[in-house]
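Written below as structure tokens is the structure these notes are about.
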Amino acid sequence: MNASVTPSALGRLNHVALVVDDLDKACHSWKHMLGASLSERQVLPEHGVTVVFIDLPNTRIELLEPLGDGSPVSRFLEKHRGGGMHHICLEVSDISAARDELTAKGARILGDGTAKIGAHGNPVIFMHPGDFHGTLIELEEVPL
Ligand code: CO
């Protein structure tokens with residue numbers, strides 16, 4: 001375990017995630033109005049979402065559409081009609097060390113506290129937004 005992983009050792013902003021109510025329409029808007037280059041669609045049943053990534057020079061935008069019953073994104077759309085900003089994703093070099101350190105400081109991890117494999121094939125965890133002033137933060141393990 002890498003004990004040097006602390007919030008002060010955060011890596012890059014990996015992506016900003018936006019929930020949309022219609023992924024096809026959202027992709028059309030980003031592509032035709034903003035000239036964005038879009039990834040292939042990824043279906044992620046474990047996360048209850050279908051995602052498309054938009055590459056920018058300094059980070060990515062993640063477009064999220066609900067998938068299946070009980071998608072966490074469906075609940076978000078009920079509160080934010082039409083969609084909106086859902087989370088930011090920050091890179092860490094060792095997700096287990098980051099999780100252990102954050103929980104030792106009193107932060108809460110969503111779900112069962114274990115990392116799941118995210119859209120880029122890397123382990124991810126989500127921090128409770130109540131501990132971060134209303135913002136949902138995803139941490140993704142990326143070799144720094
Ligand atoms: Co994300």
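The residues of the chain are indexed from 1 along the displayed sequence. Remember, it's 1-based here, ligands and their atoms both numbered in the order they're listed.
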- request: Give me the ring orientation class for Phe53 and His15: parallel if the planes are under 30° apart, tilted from 30 to 60°, perpendicular past 60°.
  value: perpendicular

- request: Report the residue from Lys31, Glu62, Arg41 that forms a side-chain contact (heavy atoms from CB on, under 4.5 Å) with Val52.
  value: Arg41

message: So if I apply the side-chain contact (heavy atoms from CB on, under 4.5 Å) rule between Met127 and each of Leu136, Ile137, Thr135, which one comes out positive?
response: Ile137

- prompt: Linking I/L/V/M/F/W/Y whenever their side-chain heavy atoms sit closer than 4.5 Å, directly or via other members, would Leu139 and Ile109 fall into one cluster?
  reply: yes

- prompt: Under 2.8 Å from the Co ion (ligand 1), protein N/O/S atom count?
  reply: 4

query: When you check the side-chain N and O atoms of Glu91 and Asn14, is any donor under 3.5 Å from an acceptor?
result: yes

- request: Please confirm whether the backbone N or O of Gly83 pairs with a side-chain atom of Asp21, one donor and one acceptor, at under 3.5 Å?
  value: no

